[in-house]
Amino acid sequence: MAKVVLARTLRIPVGAPPLDAAPALLSRLAAQDRRAHLFAATLPGHPGGAGPDVLIGATPETLLTRRGDTVVLHPLAGTAARHRHPGRDRAAARSLLGSAKDRHEHRIVVDALRARLAPLCSRLDVPPTPTLHATTRLWHLGTVIRARLHHPPPDALTLAALLHPTPAVCGTPTTYARSLIRRLEPVPRDYYTGLVGWMDRAGDGHWVIALRCGRLDATHLRLYAGAGIVAQSDPAAELAETQAKFTTMLDALTATHDTARLSAESLR
Ligand SMILES: C=C(O[C@@H]1C=C(C(=O)O)C=C[C@H]1O)C(=O)O
């Protein structure tokens, strides 16, 4: 086993019903980070519940964009919290870029994508080293992978099904990582780490990974966050990484919520 991504959840009381809470939350997520891919989708609520639930989030990770015979992937893996102080923020970025553990974690993802994509391509450009990708709260290691597909090119949904789940959200080897996730995570992932996107009649499309997201039900917002675990992982640092990942959604909530109330909520 080279890597497994393990996640936890945070359940926060929300005063408004999902369809009322979602638009405000979505516009705050949009204002926070213009590069994030926003999504909100109504879901069937719990039987006997008050109405539909809403899946909502702002993910930084594009699984793929397909236009004709060209496909572009942007996997992210390897994370560091950002700092308000510019000097400390730059130092965190530099240290992430130089971290052997994070580079290894990232390489596992890039290698898996290269292997899955290669049989479909006449040309595959995979940069040898990752670059930094910034969200408002986090630094990530990212690699932009570009490929020219054999003709006839598979459509965007077929490509998504072939590439997903990547070791950025599951692990390597996939089947064993998935069984560990099922055994070890205290709450089922539900739609977290699933795909959100679209495909048109020509087979072009854009699919992102449902991260930095939560499910709004009649009374609560359940947030999800995970971290890639490799042999060199430090448990406390991985836990802190999931906390930092929660802040994307928590920041958007704080405009209407007293975050102090959150601390006592069920953290599982
Ligand atoms: C699993 C999550 O994020 C993924 C895991 C990352 C990592 O382990 O460094 C980085 C970006 C995402 O691919 C999450 O946001 O919950």
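Since this is a predicted model, take the numbers as computed values, not measurements. Atoms within each ligand, like the ligands themselves, are counted from 1 in listed order.
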**Message:** Can you name the atoms of ligand 1, numbered from 1 with element, that are less than 4.0 Å from a heavy atom of Ala225?
**Reply:** 16 (O)
**Message:** Suppose I only count heavy atoms of Gly228 and a 4.0 Å limit; which atoms of ligand 1 are within that range?
**Reply:** 8 (O)
**Request:** Considering non-hydrogen atoms only, spot the tightest contact between Leu63 and Leu73 and give its length.
**Result:** O-CG, 3.2 Å
**Request:** Would you confirm whether Asp33, through its side chain, and Arg35, through its main-chain N or O, come within 3.5 Å as a donor-acceptor pair?
**Result:** yes
**Atom indices of ligand 1 within 4.0 angstrom of Tyr192 heavy atoms, with elements** = 1 (C), 2 (C), 14 (C), 16 (O)
**Message:** With a 4.5 Å cut-off on side-chain heavy-atom distances among I, L, V, M, F, W and Y, is there a chain of contacts connecting Val54 to Leu223?
**Reply:** yes
**Step-by-step salt bridge (Lys or Arg N to Asp or Glu O under 4.0 Å) determination, Asp204 to Arg66** = CA-CA 5 Å; Asp204 288 340; Arg66 188 263 209 194; 2.8 Å; yes
**Asked** For ligand 1, which atoms, with element, lie under 4.0 Å from some heavy atom of Lys245?
**Response** 2 (C), 3 (O), 5 (C), 6 (C), 7 (C), 8 (O), 9 (O), 10 (C), 14 (C), 15 (O)
**Request:** Consider every N or O of Glu61 and every N or O of ligand 1, then say whether any pair is closer than 3.5 Å.
**Result:** yes
**Request:** Check each atom of ligand 1 against the heavy atoms of His140 and keep those under 4.0 Å away; list them by number with element.
**Result:** 10 (C), 11 (C)
**Asked** Judged by non-hydrogen atoms, does Glu241 sit under 4.0 Å from ligand 1?
**Response** yes
**Message:** Using 30° and 60° as the class boundaries, would you call the ring planes of His206 and His37 parallel, tilted or perpendicular?
**Reply:** perpendicular
**Item:** Per atom 11 (C) of ligand 1, closest listed option by heavy atom (His133, Arg212, Glu238)
**Value:** Arg212
**Request:** Would you please indicate yes or no on a ring centroid separation below 6.0 angstrom for His133 and His74?
**Result:** yes
**Request:** For a side-chain hydrogen bond (donor to acceptor under 3.5 Å, both in side chains) with Thr9, tell me which candidate from Arg189, Arg215, Arg222 qualifies.
**Result:** Arg222
**Prompt:** For ligand 1, which atoms sit closer than 4.0 Å to a heavy atom of Thr79?
**Reply:** 6 (C), 7 (C), 9 (O), 10 (C)
**Message:** Do the side chains of Arg84 and Asp89 get close enough for a salt bridge, i.e. N-O under 4.0 angstrom?
**Reply:** no
**Asked** Any N or O of Val169 that comes nearer than 3.5 Å to an N or O of ligand 1?
**Response** no
**Message:** Any nitrogen or oxygen of Leu76 lying under 3.5 Å from a nitrogen or oxygen in ligand 1? Just yes or no.
**Reply:** yes
**Request:** Return a yes/no value for Gly226: is any of its N or O atoms, backbone included, closer than 3.5 angstrom to an N or O of ligand 1?
**Result:** yes
**Request:** Check each heavy atom of Leu211 against ligand 1 and say whether those closer than 4.0 Å belong to the side chain, the backbone, both or neither.
**Result:** side chain
**Message:** Evaluate Lys3 for polar contact with ligand 1, using N/O atom pairs at a separation under 3.5 Å.
**Reply:** no
**Message:** I'd like to know if Val71 and Leu163 are part of one continuous hydrophobic network [Ile/Leu/Val/Met/Phe/Trp/Tyr, side-chain heavy atoms within less than 4.5 Å].
**Reply:** yes
**Complete:** protein heavy-atom neighbour closest to atom 4 (C) of ligand 1 works out as Ala168 O, 3.5 Å
**Item:** Closest approach of Ala210 to Phe39 (non-hydrogen atoms, all atoms of both residues)
**Value:** CA-CZ, 3.8 Å
**Prompt:** What about Glu105: any of its N or O atoms under 3.5 Å from an N or O on ligand 1?
**Reply:** yes
